[in-house]
Number of protein chains: 2
Amino acid sequence: MKKQVEDKKAALLEAALKLFTERGFHGTSTAQISKEAGVATGTLFNYFPTKEDLINGLYFEVKGELSRKMGKDVQTQKTYEEKLKKMWCNLVEWGIENQDKFLFVGQFCSSPYITSHTREVVMEEYVFFHDLVTEGLANGELGDYPPEMITSIFYQSSRTIVDYILYSEPQDRNKAIEDGFQIVWKGVAK
Amino acid sequence: MKKQVEDKKAALLEAALKLFTERGFHGTSTAQISKEAGVATGTLFNYFPTKEDLINGLYFEVKGELSRKMGKDVQTQKTYEEKLKKMWCNLVEWGIENQDKFLFVGQFCSSPYITSHTREVVMEEYVFFHDLVTEGLANGELGDYPPEMITSIFYQSSRTIVDYILYSEPQDRNKAIEDGFQIVWKGVAK
DNA sequence: ACAGAGTGATTGATCGGTCACTCATTAAAC
DNA sequence: GTTTAATGAGTGACCGATCAATCACTCTGT
């Protein structure tokens with residue numbers, strides 16, 4: 001029984017992810033989401049009281065997954081550059097393997113449907129990333145730029161590379177990932 | 001008469017720009033756009049047969065304006081780096097001075113409401129930019145990366161810097177623009 | 001072993017409201 | 001006087017959300 005509950009909730013989130021990304025928030029009806037998830041229209045509202053709660057829940061889940069993947073094996077790297085590169089690869093590989101989630105985050109990270117509360121809670125999971133940049137500035141690994149500028153350039157460039165790989169379809173994806181990191185590292189390093 | 005016609009069409013585009021950016025495509029009703037523009041609900045459909053025609057027309061206008069601003073005074077620059085920097089500054093300054101248009105382009109450049117036809121027509125106005133990158137690769141000013149990767153990184157980074165300036169509100173905007181270009185130039189230059 | 005009351009998840013018909021778009025009428029321009 | 005632009009009430013379709021009925025399943029007393 002518990003199993004079924006989780007099944008339906010997961011199915012609803014998966015359906016919402018697909019449809020919100022394809023057609024936007026207002027462009028997707030709750031009925032379409034329910035149908036795609038294989039449940040009745042009323043069932044959606046048992047799990048998510050409103051349509052906004054659904055997209056906020058989805059955003060929370062996806063961003064949480066990304067932050068966990070992003071930080072994986074970073075601390076076991078030896079040099080600072082290797083740590084940053086590990087994070088870069090984690091980010092890009094997640095984006096390639098999870099196109100739908102990647103697009104969803106891009107579309108809705110600054111949309112009005114995501115509440116500031118959700119945004120704040122999610123932000124806390126990325127403290128380790130900001131700390132790594134602060135550390136790099138402190139020990140002189142990074143150039144003398146504002147930390148928020150470095151984090152933004154790093155994160156957005158990783159998204160640019162995912163876009164490039166998915167859209168331009170280079171023969172060698174790893175080469176593209178390497179090239180992308182090289183550009184960013186040359187740019188932000190001391 | 002011609003004047004009034006242009007007035008109403010411009011008012012509709014301006015209202016649509018504001019509302020689409022704030023609330024999304026499906027989140028904005030044509031009635032709201034008409035009201036904001038100060039015309040009757042039926043008038044909108046005299047100028048744009050469907051809501052999709054309206055957003056496509058708007059996208060065409062805004063992207064066209066951006067491409068014209070972007071290329072301004074670029075050819076009068078002496079060195080290759082100066083040409084690229086001119087384009088960078090044009091891009092960032094336009095973004096800062098036209099926040100609403102800047103946000104609109106970011107939100108709708110890969111949305112399903114913009115037809116592939118609109119996208120193709122708009123793309124033609126950016127040929128000069130791709131040519132400049134190809135030129136830089138040919139004469140060894142730029143590092144050996146795929147041209148599409150360089151154009152994407154350059155364009156997206158300029159957007160990142162506009163975001164940074166608007167959101168983080170640094171005391172010295174020109175410094176931020178300079179820093180941003182320095183990072184990108186160090187990254188993509190030979 | 002089993003009847004049947006109890007429980008909470010699930011359902012889909014239904015609701016008031018809003019949507020994009022139409023069209024008969026009016027007003028303006030020449 | 002004719003043409004052209006502008007109007008806004010009206011249209012059927014669809015929206016998010018509700019809720020009484022139904023369902024699968026558990027538990028208890030015999």
Side-chain angles (χ1 to χ4, degrees), chain A residues 1-60 104 107-108 111-115 117-118, chain B residues 1-60 104 107-108 111-115 117-118:
Chain A
M1 197 198 74
K2 181 69 186 308
K3 177 70 188 314
Q4 275 189 28
V5 163
E6 288 306 312
D7 268 4
K8 289 207 163 69
K9 189 170 182 181
L12 282 164
L13 285 169
E14 196 182 337
L17 172 67
K18 183 188 168 198
L19 294 172
F20 282 153
T21 307
E22 276 174 10
R23 317 152 76 97
F25 179 69
H26 286 294
T28 306
S29 70
T30 54
Q32 287 174 317
I33 296 168
S34 299
K35 192 178 177 186
E36 175 81 24
V39 302
T41 60
T43 305
L44 187 152
F45 295 95
N46 291 340
Y47 294 98
F48 306 97
T50 69
K51 199 184 176 186
E52 285 216 355
D53 286 326
L54 170 59
I55 199 169
N56 276 271
L58 181 57
Y59 186 78
F60 177 77
F104 174 78
Q107 273 185 45
F108 293 98
S111 91
Y113 320 118
I114 307 298
T115 65
H117 174 255
T118 301
Chain B
M1 194 200 77
K2 182 72 186 305
K3 178 69 189 314
Q4 272 190 30
V5 163
E6 289 306 313
D7 267 3
K8 290 210 164 65
K9 190 170 181 182
L12 282 164
L13 285 169
E14 197 183 333
L17 172 66
K18 183 189 168 197
L19 294 173
F20 282 154
T21 306
E22 277 174 9
R23 316 149 76 96
F25 180 68
H26 285 294
T28 306
S29 69
T30 53
Q32 287 174 318
I33 296 168
S34 299
K35 192 179 177 187
E36 175 81 23
V39 303
T41 60
T43 305
L44 187 152
F45 296 95
N46 289 343
Y47 294 97
F48 306 98
T50 69
K51 199 183 176 186
E52 286 216 355
D53 287 326
L54 170 57
I55 198 169
N56 276 271
L58 181 57
Y59 187 79
F60 176 77
F104 174 78
Q107 273 184 45
F108 293 98
S111 91
Y113 320 118
I114 307 298
T115 66
H117 174 255
T118 301

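What you see below is based on every heavy atom in this structure, not just the backbone, and it leaves out hydrogens, waters and symmetry mates. Residue numbering restarts at 1 for every chain, and letters A, B, ... go by the order of the sequence lines. This is a predicted model, so every value here is computed, not measured.
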Return the value, rounded to whole Å, for the distance between atom [atom1] of [X] and atom [atom2] of [N].
| X | N | atom1 | atom2 | value |
| --- | --- | --- | --- | --- |
| A/Phe48 | D/dT18 | CZ | P | 16 Å |
| B/Leu44 | C/dC23 | CG | P | 17 Å |
| B/Leu19 | C/dC19 | CG | C1' | 15 Å |
| A/Phe45 | D/dT18 | CZ | P | 7 Å |
| B/Lys9 | D/dT4 | NZ | P | 18 Å |
| B/Phe25 | C/dA20 | CZ | C1' | 10 Å |
| B/Glu52 | C/dA20 | CD | C1' | 12 Å |

For [X] and [N], is the shortest distance between a side-chain N/O and OP1 or OP2 below 4.0 Å?
| X | N | result |
| --- | --- | --- |
| A/Lys8 | C/dA9 | no |
| B/Tyr47 | D/dA5 | no |
| B/Ser29 | C/dT18 | no |

Can you see whether B/Thr50 engages B/Asp53 through a side-chain donor-acceptor pair at a distance of less than 3.5 angstrom? yes

Parallel, tilted or perpendicular: which one describes the rings of B/Phe20 and B/Phe25, with boundaries at 30° and 60°? tilted

Using a heavy-atom cut-off of 4.0 Å across all strands, would you classify B/Thr43 as base, sugar-phosphate, or nothing? base

Within the 4.0 Å heavy-atom criterion, would you say A/Ser34 contacts the bases, only the backbone, or no part of the nucleic acid? nothing

Walk me through it: do B/Thr30 and B/Phe45 pass the test side-chain contact (heavy atoms from CB on, under 4.5 Å)? CA-CA 9 Å; B/Thr30 53; B/Phe45 296 95; 3.9 Å; yes

Could you please name the option among C/dC21, C/dT11, D/dA17 that lies closest to any side-chain atom of B/Thr50? C/dC21

For the side chain of B/Lys51, counting heavy atoms from C-beta on, which of C/dC21, C/dT11, D/dA17 is nearest? C/dC21

Of A/His26 and A/Asn46, the one whose closest DNA chain D nucleotide lies more 5': A/His26

Do the side chain of B/Thr28 and the main chain of B/Leu19 share a donor and acceptor less than 3.5 angstrom apart? yes

Any donor and acceptor pair, going by atom type alone, linking the side chain of B/Tyr59 with main-chain N or O of B/Leu54 inside 3.5 Å? no

Please state whether the base of D/dG8 and the side chain of B/Thr41 form at least one donor-acceptor pair under 3.5 Å? yes

